Each structure stands twice: as structure tokens, then as C-alpha cells.
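Step one of this worksheet: look at the structure below.
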Amino acid sequence: GRGTVKCRVRRNESWCGELLVTPASLRTTVSPMNPRVQQVLDEWEPTVTADETADPIWQLKCYRVARCLVDHSARDAVALVPSVDLKTVGQLSRAVASIGANLAEGYSRRSAADRSRFYGYALGSTREAALWYRSVAPFLDRASLELRMAFLAQERMLLLGMLKSVQRGRGPAFEPG
């Protein structure tokens, strides 16, 4: 509202939450990750290999969310194949995989303009994946669909924060490797 400033906060080198500062009261609140998304992410992370978690990009929460979504969408694809045409399943799988792929590409770029461009592509892929998930909604169980949509909404929020931060010159720094 009026008189409220929104800022991104950084915790353990991962983008998370939104800080709301109301100048009149100097009150601050942090909007945490969706609890269900965080729970699934916490259960999934120990299954990821050490070579992947050693990469500096692993510190980006939005990358971890994207990677977790790739693994879950692969299981969805198997479940969808008997009922949904292969082109649609392929589009869904490509859109989901493209989120993390574009994050990885952008993270490896030196210039803020290049990082911003690839993070923008990741945001577009997030929105595309949401549309493909909506198109297969009748063929997925409700709980799975709701969880995937929660993951995509969380990813969209994290990416929007990263994009704003990179465009203001405060985003994640380039790390070779």
C-alpha cells in the first residue's frame, strides 16, 4: 500500500521472501517460502548428488526449486503418457527443464544485462510450464497439480525478485565454475 516499500532479502546466499517496510511504524515482515513447497524441497534435496550440490549455482534457491520441479515433472510425464498426447507431454517437460537451464545459463554470464535476459527467459518458461500444467490438469491428481502450481508460483516470485535485483545492480554476482 501507500508508504510501504518492498525489498528482497537474502538468506544464506539464497533469495527468499519479501521484506515489507512501513515507514510510519518501521515494522518489517518476511513472506516465507510456501510451506508445502519448502517441505517437498527439504525432502528432495538429500537425494541430489554431491557433484551437483557443489556447483555454486546450487546456492540459488530458485535453481533448487527449478531442479526439484524437473524431477517431479518427469514422474508426471510418465503418468500422463497413457492419457495425453506425446507432443503435449514433451512441451510440458521442455518448459519445466528450460527454467533451470536458463537460470544456469544466466548465472554464468558476466554482465547484468546478459543475466537479466536469461533470468527473463526462465520467467517466461515458468509461465509457459504453468500453462502446460493447466492444459493437462484433468489427467493429474489434484494434489500433484496443486503442488506443481505452488512450485511454479514460488519460482515466479523468486525470479521476479532476482530480475529486479539484477536490474538494480544488486543481484547474484558472477561466479566462474
Side-chain angles (χ1 to χ4, degrees), residues 6-10 14-20 30-41 44-45 57-81 83-109 111-172:
K6 289 186 179 185
C7 311
R8 287 283 169 214
V9 294
R10 211 169 161 169
S14 301
W15 293 97
C16 59
E18 193 170 82
L19 182 65
L20 298 177
V30 176
S31 300
M33 288 269 295
N34 174 309
R36 181 67 180 125
V37 171
Q38 187 63 59
Q39 177 188 1
V40 171
L41 197 59
W44 168 82
E45 283 181 355
I57 196 171
W58 190 256
Q59 296 305 308
L60 291 178
K61 181 158 289 226
C62 62
Y63 180 77
R64 295 193 311 271
V65 168
R67 268 291 290 114
C68 183
L69 189 57
V70 165
D71 286 0
H72 284 85
S73 72
R75 287 194 291 274
D76 294 340
V78 171
L80 289 168
V81 167
S83 308
V84 178
D85 69 278
L86 287 175
K87 287 183 181 181
T88 300
V89 174
Q91 285 289 107
L92 171 63
S93 297
R94 279 188 291 280
V96 169
S98 182
I99 300 166
N102 281 299
L103 278 167
E105 183 80 17
Y107 189 76
S108 300
R109 299 299 173 128
S111 78
D114 279 347
R115 283 194 306 277
S116 181
R117 181 167 36 101
F118 282 98
Y119 296 163
Y121 295 156
L123 179 59
S125 294
T126 302
R127 290 179 168 142
E128 179 184 357
L131 183 65
W132 284 114
Y133 263 112
R134 286 184 185 99
S135 77
V136 299
F139 305 101
L140 283 176
D141 67 274
R142 183 182 177 115
S144 294
L145 180 65
E146 287 176 359
L147 181 60
R148 301 315 176 261
M149 297 308 287
F151 260 84
L152 290 164
Q154 186 71 62
E155 185 71 7
R156 187 175 57 247
M157 183 196 75
L158 292 168
L159 282 166
L160 286 168
M162 279 186 56
L163 271 166
K164 287 178 186 175
S165 185
V166 167
Q167 290 165 353
R168 291 180 185 149
R170 296 188 310 242

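Remember, it's a predicted structure, so these values are computed and weren't measured experimentally.
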**Side chain Arg115, main chain Arg109, donor-acceptor under 3.5 Å** =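 Pair found, side chain donor or acceptor close to backbone of Arg109.
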Residue pair [X] / [Y], side-chain heavy-atom distance below 4.5 Å:
X: Gln154; Y: Arg36; result: no
X: Trp132; Y: Val96; result: no
X: Phe118; Y: Leu103; result: no
X: Glu155; Y: Leu69; result: no
X: Lys61; Y: Arg64; result: yes
X: Leu160; Y: Met157; result: no

[X] versus [Y], closest heavy-atom pair with distance:
X: Leu80; Y: Phe139; result: CD2-CB, 3.6 Å
X: Trp58; Y: Glu45; result: CZ2-CG, 4.2 Å
X: Asn102; Y: Ser125; result: ND2-OG, 3.9 Å
X: Thr126; Y: Arg156; result: CG2-N, 4.0 Å
X: Met162; Y: Leu60; result: CE-CD1, 4.2 Å
X: Gly100; Y: Tyr63; result: O-CE1, 3.8 Å

Atom pair [atom1] ([X]) and [atom2] ([Y]), whose distance is rounded to the nearest 0.5 Å:
X: Tyr133; Y: Leu147; atom1: OH; atom2: CG; result: 9.0 Å
X: Leu92; Y: Glu128; atom1: CG; atom2: CD; result: 9.0 Å
X: Asn34; Y: Phe151; atom1: CG; atom2: CZ; result: 8.5 Å

**Prompt:** With sequence neighbours left out, what residues match Arg142 under salt bridge (charged side-chain N to carboxylate O under 4.0 Å, His left out)?
**Reply:**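 Expected list: Glu146.
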**Prompt:** Would Val89 and Val136 count as a side-chain contact (heavy atoms from CB on, under 4.5 Å) if you check the C-alpha gap in whole Å, the side-chain angles of each, and the deciding distance to 0.1 Å?
**Reply:** CA-CA 8 Å; Val89 174; Val136 299; 5.8 Å; no
**Message:** Quick one, Arg134 with Met149, criterion side-chain contact (heavy atoms from CB on, under 4.5 Å). Give me CA distance, side-chain angles, the key distance, then yes/no.
**Reply:** CA-CA 9 Å; Arg134 286 184 185 99; Met149 297 308 287; 3.3 Å; yes
**Asked** Hey, mind stepping through Arg75 and Asp71 against salt bridge (charged side-chain N to carboxylate O under 4.0 Å, His left out) and telling me if it holds?
**Response** CA-CA 7 Å; Arg75 287 194 291 274; Asp71 286 0; 6.0 Å; no
